[in-house]
Amino acid sequence: MLDIQALRNDLDQVAARLQARGYALDIAAFNRLEQERKTAQTQTQDLQAKRNASSKQIGIAKSKGEDVSAILAEVAGLGEQLKANETRLADVQAELQSLLLNVPNLPHSSVPVGKSEADNVEVRKVGTPRSFDFEIKDHTDVGTPLGLDFDTGAKLSGARFTLMRGQIARLHRALAQYMLDVQTEQHGYTECYTPYIVNAETLLGTGQLPKFEADLFAAKKGGQEGESEALYLIPTSEVTLTNTVRDEIVAAEALPIKLTAHTPCFRSEAGSYGRDTKGMIRQHQFDKVEMVQIVHPESSYDALEQMVGHAENILKALELPYRVVLLCTGDMGFGAAKTYDLEVWLPAQDTYREISSISNCEAFQARRLQARFRNAQGKPELLHTLNGSGLAVGRTLVAVLENYQQADGSVTIPTVLQPYMGGLLAICA
RNA sequence: GGAAAGGUGGCAGAGUGGUCGAAUGCGCCGGACUCGAAAUUCGGUAUAGCGGUCUCCGCUAUCGUGGGUUCAAAUCCCACCCUUUCCGCCA
């Protein structure tokens, strides 16, 4: 959520910055609502002040045993007037709030202006794609004989669900364990285990609601009918980790807060029909090791660069070629002020594919969350929040299968994963 | 699932219709005392919004959430959420 003060004071400039990311702010609607809010609020507050003063007088008079009927006559009818005004004010403020909740974050000045993926800027390329002296198979062809089972996944749950068996399942687990160990032992994140099902308020805090409900899975208690409050499956543990500071005022000394968790993520992938339908690139359920940092506003851009490094270290250790991309204004997510993507080399697709996305949300989430710290003046101030994948486990598995495939159909195990695989050097059918 | 208790400021905790935004303690900030610190002592210390003559003043809202009663609600009524304890069920 943007600071409403920024919109009041500098509406045209805010609108221009939003335009850069392809969002057309309804300036007229905002101005009209603000005007209505102002009159409704002053009128309401005047009436409230009048009522409070009279009530106080009544209290004083009664304690002295005086007659209060004169004052009572004065406030007759005030109640109804007040109620009408209060209702109007509440309506206008709710409208303003919902307008505000649907406005994306402002891009940082260092973010390149662009319309789509095509305008993203490559920052660096690391590692050299391996050359193959046999015909490259994609991860589905490599994985299927080793235990990757899309048919059973579809039978159990539908399209975009996968079952893994045997060594593939173990490799998947090894990746997650390894990532979690690196993030906790080498990069200083605190390991968390979080709920996978959350309430609407939590999703409002990180920005998935109210705008993106269609991208989520909702859950209800078995046998429950009707309009009970919906619960949702988390689309990423960014949601739970970041919400740990919702409605908190944390001590400045506690910063930065660095959290990580390995969780499944559930996404309905609405609007992506027809994209990446083959294989496990785009799933309704996938595992991810998430990094979240909650930091002092002054250090959030340093933290962003660090977190990119924390994600890169996993790819380096796995010896997977990748590139770092700075997203343009048009390709960034709703809450991000600046985002780097890490894209891993997939030889069968002959291209780099997103495997991690690391964003600084500045105070955008913190404002929704009311997540604050006490600044040097002792005043509560909004924190900055950052999140990033470190990494997406399913896509890393895809990358390992493709990059480490051998002519005989086996897949060698990256050195750092071997201890997690009981010393296995390769898996084969 | 059943029963009970409870949700008040940064924290602990009093307050059961009226000068209550809320006692007291802790914490924090400033002063005094001290060579300095501790102890002691004095004063200050919520958040958000609106308005103004805008380093300050005034007003409004906020005691889990939402509704209701009333001239007036932390306090009374209703619904919901959450927490704790006990019982039941359960990995």
Side-chain angles (χ1 to χ4, degrees), chain A residues 1-9 30-31 33-97 99-101 193 195-205 209 219-232 240 243-255 257 363 366-383:
Chain A
M1 190 160 67
L2 298 182
D3 184 359
I4 195 164
Q5 298 296 351
L7 276 88
R8 285 183 186 138
N9 301 333
F30 179 79
N31 279 330
L33 284 171
E34 258 296 283
Q35 199 51 52
E36 276 180 45
R37 194 221 87 228
K38 231 176 229 185
T39 39
Q41 187 161 352
T42 27
Q43 279 173 19
T44 305
Q45 292 187 351
D46 285 348
L47 289 170
Q48 284 169 331
K50 202 182 284 179
R51 181 205 58 197
N52 289 349
S54 301
S55 293
K56 197 170 239 181
Q57 274 180 37
I58 293 172
I60 294 166
K62 274 204 165 176
S63 69
K64 290 179 185 159
E66 293 168 6
D67 177 46
V68 295
S69 56
I71 318 174
L72 276 175
E74 227 174 89
V75 291
L78 200 72
E80 298 223 338
Q81 232 186 104
L82 191 52
K83 188 171 273 182
N85 272 280
E86 279 172 343
T87 309
R88 188 170 138 237
L89 178 61
D91 288 348
V92 175
Q93 278 181 327
E95 259 189 86
L96 261 176
Q97 181 73 357
L99 187 146
L100 221 53
L101 282 173
Y193 173 87
Y196 301 157
I197 300 177
V198 296
N199 56 35
E201 206 185 342
T202 296
L203 287 156
L204 201 76
L209 289 179
K220 61 168 191 171
K221 287 185 185 169
Q224 205 174 50
E225 298 295 330
E227 290 281 304
S228 67
E229 207 165 292
L231 294 169
Y232 299 88
T240 43
N243 268 276
T244 55
V245 291
R246 167 150 57 90
D247 295 321
E248 300 281 337
I249 299 177
V250 304
E253 306 82 67
L255 302 175
I257 298 170
R367 188 170 292 110
R368 292 166 167 250
L369 294 161
Q370 284 302 298
R372 296 169 294 175
F373 72 104
R374 280 198 191 278
N375 64 20
Q377 288 75 46
K379 292 287 171 197
E381 185 181 332
L382 293 171
L383 291 156

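Every chain is numbered from 1, with letters handed out A, B, ... down the list of sequences.
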If pairing requires Watson-Crick or G-U wobble contacts with both distances under 3.5 Å, which nucleotide is the partner of [N]?
N	result
B:C76	B:G68
B:U83	B:A5
B:C28	B:G44
B:A38	none
B:G58	B:C50
B:G17	none

Separation between the [atom1] atoms of [N] and [M], rounded to whole Å:
N	M	atom1	value
B:G67	B:A12	C1'	31 Å
B:C63	B:A73	P	11 Å
B:G88	B:A3	C1'	11 Å
B:A39	B:C26	P	11 Å
B:A46	B:C76	C1'	27 Å
B:U84	B:G64	C1'	15 Å
B:G43	B:A48	P	27 Å
B:U53	B:C42	C1'	34 Å

Give the rounded distance in Å between these two atoms: [atom1] of [X] and [atom2] of [N].
X	N	atom1	atom2	answer
A:Arg372	B:U47	CZ	P	8 Å
A:Arg88	B:C50	CZ	P	16 Å
A:Leu82	B:A72	CG	C1'	12 Å
A:Ile60	B:C71	CD1	P	19 Å
A:Gln93	B:C50	CD	P	9 Å
A:Glu201	B:G64	CD	P	16 Å
A:Leu231	B:C81	CG	P	11 Å
A:Leu89	B:C50	CG	C1'	10 Å

[X] versus [Y], closest heavy-atom pair with distance:
X	Y	result
A:Thr44	A:Leu82	O-CD1, 3.8 Å
A:Leu101	A:Met1	CD2-SD, 3.8 Å
A:Arg88	A:Glu36	NH2-O, 4.3 Å
A:Lys50	A:Leu78	CD-CD1, 4.1 Å

I'd like to know if A:Lys56 reaches the base of B:G18 with its side chain, counting only an N/O donor and acceptor under 3.5 Å. no

[N] phosphate, OP1 or OP2: any side-chain N/O from [X] under 4.0 angstrom?
X	N	answer
A:Arg367	B:A48	no
A:Gln5	B:C50	yes
A:Lys62	B:U19	no
A:Lys83	B:U69	yes

[X]/[Y] ion pair, N-O < 4.0 Å:
X	Y	value
A:Glu80	A:Lys83	no
A:Glu201	A:Arg246	yes
A:Arg372	A:Glu248	no

I need the A:Ile4 CD1 to A:Glu34 CD distance, nearest 0.5 Å. 5.0 Å

From A:Leu33 atom CG to A:Lys38 atom NZ, the distance as rounded to the nearest 0.5 Å: 13.0 Å

Can you check B:U55 for me, syn or anti if syn means within 90° of 0? syn

Describe the nucleic acid contact of A:Ser54 in one word from base, sugar-phosphate, nothing, applying a heavy-atom distance below 4.0 Å. nothing

Looking across every strand, which nucleic acid part, if any, lies under 4.0 Å from A:Lys64 by heavy atom: base, sugar-phosphate, or nothing? nothing

Residue mapping more 5' on RNA chain B - nearest nucleotide basis, A:Arg37 or A:Ile249: A:Ile249

Assess the side chains of A:Thr240 and A:Asn243: does a donor N or O sit below 3.5 Å from an acceptor N or O? no

Mark up nucleotides 54-61 of chain B, 5' to 3', with B wherever a protein heavy atom is under 4.0 angstrom from a base atom, S wherever such an atom reaches only the sugar-phosphate, and - elsewhere. -----BSS

